[in-house]
Amino acid sequence: MEITDIRIRKMDGDSKMKAIASITIDEEFVIHDIKVVDGEKGLFIAMPSKKTSEGEYRDIAHPIRTDTRNRIQTMILDKYRQEAEAE
């Protein structure tokens with residue numbers, strides 16, 4: 001699997017959510033609405049989710065393997081930082 005494109009849409013204001021990302025995999029599959037969040041331990045990503053009838057949030061798309069999640073997170077956060085520095 002290769003991430004062939006990353007798009008970042010930065011959010012305005014002082015919210016903990018800093019940006020929304022979209023990734024393209026193998027130039028064939030897109031995942032939208034990956035959140036870039038500034039948490040207590042620094043920046044992290046939150047995969048797209050939806051609220052259940054019980055009020056909990058469940059991911060609707062996510063990596064199965066930890067190393068895949070880490071690779072996606074690293075690539076998105078690197079792109080976010082590059083764009084933040086370019087301003």
Side-chain atoms of residues 30-39: list all donor-acceptor pairs with protein atoms under 3.5 Å, sequence neighbours left out, distances to 0.1 Å.
| from | atom 1 | to | atom 2 | distance (Å) |
| --- | --- | --- | --- | --- |
| H32 | ND1 | S22 | OG | 2.9 |

Q) Do M75 and I45 share a hydrophobic cluster (ILVMFWY, side-chain heavy atoms under 4.5 Å, transitive)? A)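 In one cluster: yes.
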Q | Hydrophobic cluster identity match, I3 and M47, side-chain contacts under 4.5 Å | A |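 Yes, it is one cluster - the side chains of I3 and M47 are joined through contacts under 4.5 Å.
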Q: Output all residues satisfying side-chain contact (heavy atoms from CB on, under 4.5 Å) with N70, sequence neighbours left out; order by chain, then residue number.
A: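 Checked N70 against side-chain contact (heavy atoms from CB on, under 4.5 Å); matches are T66.
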Q. Which residues satisfy the side-chain contact (heavy atoms from CB on, under 4.5 Å) test with E54, sequence neighbours excluded?
A.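 E54: side-chain contact (heavy atoms from CB on, under 4.5 Å) contacts with T52.
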Q: Could I get the full list of side chain to side chain donor-acceptor pair (under 3.5 Å) partners for R58, not counting sequence neighbours?
A: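 So R58 forms no side chain to side chain donor-acceptor pair (under 3.5 Å) with any residue.
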Q: Write down the atom of I25, the atom of M1, and the distance for their closest heavy-atom approach.
A: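 It is CG2-CG, 3.3 Å.
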Q) When rounded to the nearest 0.5 angstrom, what is the spacing between CZ in R81 and CG in L43? A)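 So the gap between those two atoms works out to 5.0 Å.
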Q.
Let me confirm one number: the CD1-CD1 distance from I23 to I76, rounded to the nearest 0.5 Å.
A.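 So the gap between those two atoms works out to 5.0 Å.
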Q) CZ of F44: more than 12 outside heavy atoms within 6.0 angstrom? A)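 Yes - once you tally the heavy atoms of other residues, nucleotides and ligands closer than 6.0 Å, there are more than 12.
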**Q.** Pairs satisfying salt bridge (charged side-chain N to carboxylate O under 4.0 Å, His left out), at least one member in residues 60-76, at least two apart
**A.**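 Residue pairs passing salt bridge (charged side-chain N to carboxylate O under 4.0 Å, His left out), neighbours aside: R65-D67.
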Mind listing the side-chain donor-acceptor pairs of residues 7-16 below 3.5 Å, one per line with the distance, residues two or more places apart or on another chain?
| from | atom 1 | to | atom 2 | distance (Å) |
| --- | --- | --- | --- | --- |
| R7 | NE | D5 | OD2 | 2.6 |
| R7 | NH2 | D5 | OD2 | 3.3 |
| K10 | NZ | E83 | O | 3.3 |
| K10 | NZ | E87 | OE2 | 2.5 |
| S15 | OG | M17 | N | 3.1 |

